[in-house]
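Data first, discussion second: the structure below is written as C-alpha cells.
These values consider heavy atoms only, across backbone and side chains, with no hydrogens, waters or symmetry-generated copies. Throughout, a chain's letter reflects where its sequence line sits, starting with A, and its residues are numbered from 1.
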There are 2 protein chains.
Amino acid sequence: MADVAAARSGARTDATAHAPSHARRDAGRGTPAAGGSDRPDAPSGLSPSRATIDDVAREAGVSTATVSRALRHHPYVAESTRQRVLSAVERLRYVANANAARLASGQSRTVGLVAPMITSWYTSELTVGVEEVLTQARFDLLIGTANSAARERIFSGDARFQQRVDGVILVDVFCGDDAATRLADLDTPIVVLGEQVRDLTSVSIDNTRGARLAARHLIELGHKRIALVGGHTNLDVAKNVPTDRTAGFRDTLRSAGIRMPDAYLHDGDFTIPGGREAMHRLLELAKPPTAVFFLSDEMAFGALHALRERELQVGRDVSVVGFDDHPVSEAIGLTTVRQPVRDIGRLGARLMLDALDGFGVVRHHPVEVDLVARMSTGRPR
Amino acid sequence: MADVAAARSGARTDATAHAPSHARRDAGRGTPAAGGSDRPDAPSGLSPSRATIDDVAREAGVSTATVSRALRHHPYVAESTRQRVLSAVERLRYVANANAARLASGQSRTVGLVAPMITSWYTSELTVGVEEVLTQARFDLLIGTANSAARERIFSGDARFQQRVDGVILVDVFCGDDAATRLADLDTPIVVLGEQVRDLTSVSIDNTRGARLAARHLIELGHKRIALVGGHTNLDVAKNVPTDRTAGFRDTLRSAGIRMPDAYLHDGDFTIPGGREAMHRLLELAKPPTAVFFLSDEMAFGALHALRERELQVGRDVSVVGFDDHPVSEAIGLTTVRQPVRDIGRLGARLMLDALDGFGVVRHHPVEVDLVARMSTGRPR
DNA sequence: CGCTCCGATGTAAGCGCTTGCATCTCCGTG
DNA sequence: CACGGAGATGCAAGCGCTTACATCGGAGCG
C-alpha cells in the first residue's frame, strides 16, 4: 500500500538481511531430508518457535502430511492420530509458520481493508468490527489508506495488493458504474462498506431514509429555513453517501412544501474544521437558517464550535442535526441519525469470509438507521 | 492474534483450499527447474501477477539470483544489469510474492501493534502515525487488540506472534519491572508508546509534567477544591500513565498548599460513560469540587454530559480539564493537556525501523506536552 | 606477463508448509 | 472367500523466493 519507491528501505533491507538469517540458517542445517539427527530434543523453554512440522511428525511418529492434515481438521485423519499429533504439538510448543503455509497453499489468509480517512471515528469503528470477526477466523487484516494512488491500483486489480490478500473490503470508496463492473470481474472477492455499489456485495444503511428521518424531525419541530452541509467536492470520498442523503433530505422538505435555496447548501468536507467553516458561512447570510443538517457528526461538532464563537445557543438559536451517532454526540447532546457502524464492519467481515468460502452471494445488505433526538434540536425561535 | 481454536475456520480451509490451488498449480506446472518452456509470452493484460522471478530472469537474460539482488538494491549488481532487470520487471508486470520472500529470508517485514482499546481516539491516532511510517518503508502492520490473553502471550514471547512479526510496538501496555526485563531479553525488538518502561525503547510525554501544567492552571485560576478522575482499577490498561499523572498533579497541589481529599479521587475507566458517572458522584458530595482534572479528554466529555444533565455550566459552575487534546476538544472548548499523539506514533515506528536495522539504541524518547486553555475552565464562583 | 584480488554472476540448496497420487488396511458384499 | 471401495497414511514434488558458495573475467601490480 505504499506509494513510495523503496528508496529508504533499499539500503535497510540489505544492511540487515545478513546477520539474522545466517544465524537461522545455520541452526537449521542438517542432512537434507534426513532431519536434524541429534539436536538437544529437550522441550526446554529456551528455544522459542524452533520446532517445525517435521519435528512434530517425528515426535508423533507420523508423516508431515498427516500432521498438516490433522492440524487443519482434514476429514481423513483418524481421531487417535489427531490426538497424538496434538499432544506432540503441545510438547514441542509447535506453531506453524504462516509464511510457509501461505506460500504452499497460495492463500494468504489476509483481508485488505481500504479506506479514506482512517482517522475518522466512523472508519476506525468499522475497522474494529471487521478486525473482531477476522481475528476470530484467524485471518489477518491489512490496512491501507486509500489515497488516490492506492485506489487506482485496486481498481485496476493491482498485483501488489492482490498477491498478499485473499479479499478486499472497501470502505466508502466511491465507484463509478464502470469501475464497479471492473471490480466485480476481478477474481478477488470484494465487499463494500457504507456504500451500495452495483454488482458488488455491500453493507450499508439506506442513506436516503436516514436523511428523511432528519428532515422529518426538523419539519415536525416547525423549522422552515433549513440548510444542509455535506461534502461534494472531494471526489476521494464516498460519493453516493452525500448524494443519497442530500436527495432524501431535499425530497422530504419538498414534500412538506419547503424549498432549500442554493445558499443553504454547503460543503463541510466531512471534517470538524469544515463544519465550523460552513456554519459560519451560513450564519453570515441575510436570512440564516434556523436548522442545519450535517451529513456527519464530526462536521456538526465543528458547527457547535462556530455557534459558541458567535455566542449562539445550540438547540435554541439554531438547531443542529448530525449523522452517525459518534460516541461524543451523546455526551454533548447532539441530535443525530444513528447507524450501527461496528455492526456494519462485523457483517462485512462475515460476508467476506463467506465469499472466501465460495458461499458468497453478491447482493446488498441493508442495516437499520434511526434518529436520536437530543438537545441540539428544538423549535425555531 | 486470535484466541480462538480454529473451529469454524477448519472446515473453511479444507473446503475452499482445493479449487483455487488446483488451478494455480496446474498453471505453473512444467519441467522442474527447467522453466515453463513455451507459455504464451505475450505480456497481455489478462494474467495478473502470474510472472515469477524465473520469468523475469529469463526475460532479462540473467539468473534469478541476479534478479533478486537487483530488486533489493544489492551492492554487487552492475548498473546496466539492474536496468535490464527493471525493464523486464516492467514488461512482465512482475510483483514479488511476499510470502515466498518471507519464507526464504526469515523476515516477515511486518510489525505488530498491540494496544488496548483500539476504539479510543488516542490509539487510532497513534496507529495512523505508525502506519504512515511503516507503509513508506514497505512494512506491513499487524494490529492486535491486547486483551489479556494476547498480552500474556506477548510477554512470554509467544511464537504465534513472534513468527509473523519482526518487531512489536506496544501501546500503553502496563508492564511490571519483571515483565519488562523479560521483554527486553526477547530477541524481538520492542518499542513502547505512551509509557516509559525500563530497559525498553519508548516514546512518551512526561506525564508528570503534563499533570503539573493542569494543576498549575487550575491553581492560578484560584481553585481550591480540586478533584481528579483517572482509571486505576483496570489493570489491563497502562499503569504508569495514571500513576504519574496523579502523582504530578497531587504534588503541584500540595506545593500550593492544597490537599485533595480521597473523596475527590475517582475512577473514570478512561471512557466517556466512566467520566460521566464519576462527575455525577463528585457533584453529589457535600462539598463538591469547583474544578476537576480528567486523565483523558474522553472522560471529560462524559463529565460535560453529566454537567448538562444537572444544568450546570461548564467553566462557570465547574471547571473541567482533560488530557490528550482530542480533535473534538477544540470544537467544544475543552481545556486540556495536549500531546502530539500522531507524532508519537511516527517516532515509534521510526525507532522500530532503526531497531530492525540494528541501529537501535534502547532509551526513552520524550516528546513535548503543553496546556491548551479553553472555555471549560474559569475562576471558581 | 603471471598472479592476486575483487566485483559481478550463476548454481543450487533450501525456507517450512500443502497436496496430488500411490499405498495399504480393513470391511461389507455378492 | 475374492473383490471393490473407502478411510487413513505416506511420498515427494513443489510454492517462489533468498543466499552461501563457486565461478569467472579483468584490473592492478610486482
Side-chain angles (χ1 to χ4, degrees), chain A residues 13-14 17-22 24-33 35 49-57 60-72 74-82 84-85 94-109 163-164, chain B residues 13-14 17-22 24-33 35-36 49-57 60-72 74-82 84-85 94-109 163:
Chain A
T13 307
D14 286 309
H18 297 293
S21 48
H22 279 200
R24 304 199 187 197
R25 294 249 152 173
D26 295 348
R29 283 270 158 81
T31 320
S49 79
R50 274 300 73 203
T52 73
I53 199 174
D54 293 281
D55 299 324
V56 176
V62 296
S63 70
T64 63
T66 299
V67 173
S68 173
R69 293 193 190 102
L71 259 29
R72 290 176 312 113
H74 188 286
Y76 290 170
V77 175
E79 187 51 33
S80 59
T81 308
R82 190 195 311 288
R84 211 137 30 88
V85 169
Y94 169 72
V95 178
N97 177 319
N99 295 320
R102 287 174 171 154
L103 174 57
S105 71
Q107 313 219 222
S108 62
R109 253 192 132 58
Q163 274 206 352
R164 50 210 314 175
Chain B
T13 307
D14 286 310
H18 296 294
S21 49
H22 278 200
R24 304 197 186 195
R25 293 248 154 174
D26 296 349
R29 285 267 157 82
T31 318
S49 77
R50 272 302 71 205
T52 72
I53 199 173
D54 292 283
D55 299 324
V56 176
V62 296
S63 71
T64 63
T66 299
V67 174
S68 174
R69 293 193 192 102
L71 259 31
R72 289 175 314 112
H74 188 287
Y76 291 171
V77 175
E79 188 51 33
S80 59
T81 308
R82 190 196 311 288
R84 211 136 31 88
V85 170
Y94 168 73
V95 178
N97 178 318
N99 295 320
R102 288 173 171 153
L103 175 57
S105 71
Q107 313 219 222
S108 62
R109 252 191 133 59
Q163 275 208 352

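- Across all their heavy atoms, His74(B) and Arg82(B) have their closest contact at O-NH2, 3.8 Å.
- Taking 4.0 angstrom as the limit, Ser68(B) places a side-chain polar atom (N or O) nearer than this to OP1 or OP2 of dT18(D).
- When atom types are taken as modelled, the side chain of Ser105(A) and the backbone of Ala101(A) share a donor-acceptor pair closer than 3.5 angstrom.
- Of all the heavy atoms in Ile53(B) and Thr64(B), the pair that sits closest is CD1-O, 3.7 Å.
- Between the Thr81(A) side chain and the Val77(A) main chain, no donor and acceptor come within less than 3.5 Å of each other.
- Leu71(B) places its CG atom 16 Å from the P atom of dG16(D), with the value rounded to the nearest Å.
- Note on Ala98(A): nothing from the nucleic acid sits closer than 4.0 angstrom, heavy atoms only.
- Between the Arg84(B) side chain and the Ala60(B) main chain, a donor and an acceptor come within less than 3.5 Å of each other.
- Comparing atom distances between the Ala101(B) side chain and each of dG14(D), dT18(D), dT19(C) picks out dT18(D) as nearest.
- Between Asn97(B) atom CG and dT18(C) atom C1' the separation is 15 Å, expressed in whole Å.
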How would nucleotides 4-9 of chain D be written as a contact map, 5' to 3', with B for base contact, S for sugar-phosphate-only contact and - for no contact, using protein heavy atoms under 4.0 Å?
---SSB
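- Between Arg72(B) and dT19(D) there is a side-chain polar atom (N or O) within less than 4.0 angstrom of OP1 or OP2.
- If you take CG of Asn99(A) and C1' of dG14(C), they are 16 Å apart, rounded to a whole angstrom.
- Checking dG16(C), dT11(C), dC17(D) against the side-chain heavy atoms of Ala65(B) singles out dT11(C) as nearest.
- Arg164(A) has its side chain within reach of Arg102(B): a pair of non-hydrogen atoms, C-beta onward, lies under 4.5 Å apart.
- Rounded to whole Å, atom C1' of dT18(C) lies 10 Å from atom CG of Leu103(A).
- If Ala100(B) and Val67(A) are placed on DNA chain C by their nearest nucleotide, the residue sitting closer to the 5' end is Ala100(B).
- A straight line from CG of Asp54(B) to C1' of dA12(C) spans 12 Å, rounded to a whole angstrom.
- Per the geometry, CD belonging to Gln107(A) stands 13 Å off C1' belonging to dC17(C), to the nearest Å.
- For the pair Val62(A) and Val67(A), the minimum side-chain heavy-atom distance is below 4.5 Å.
- Distance OH (Tyr94(A)) to P (dG16(C)): 10 Å, rounded to an integer number of Å.
- As rounded to whole Å, 17 Å separates atom P of dA12(C) from atom CD1 of Ile53(B).
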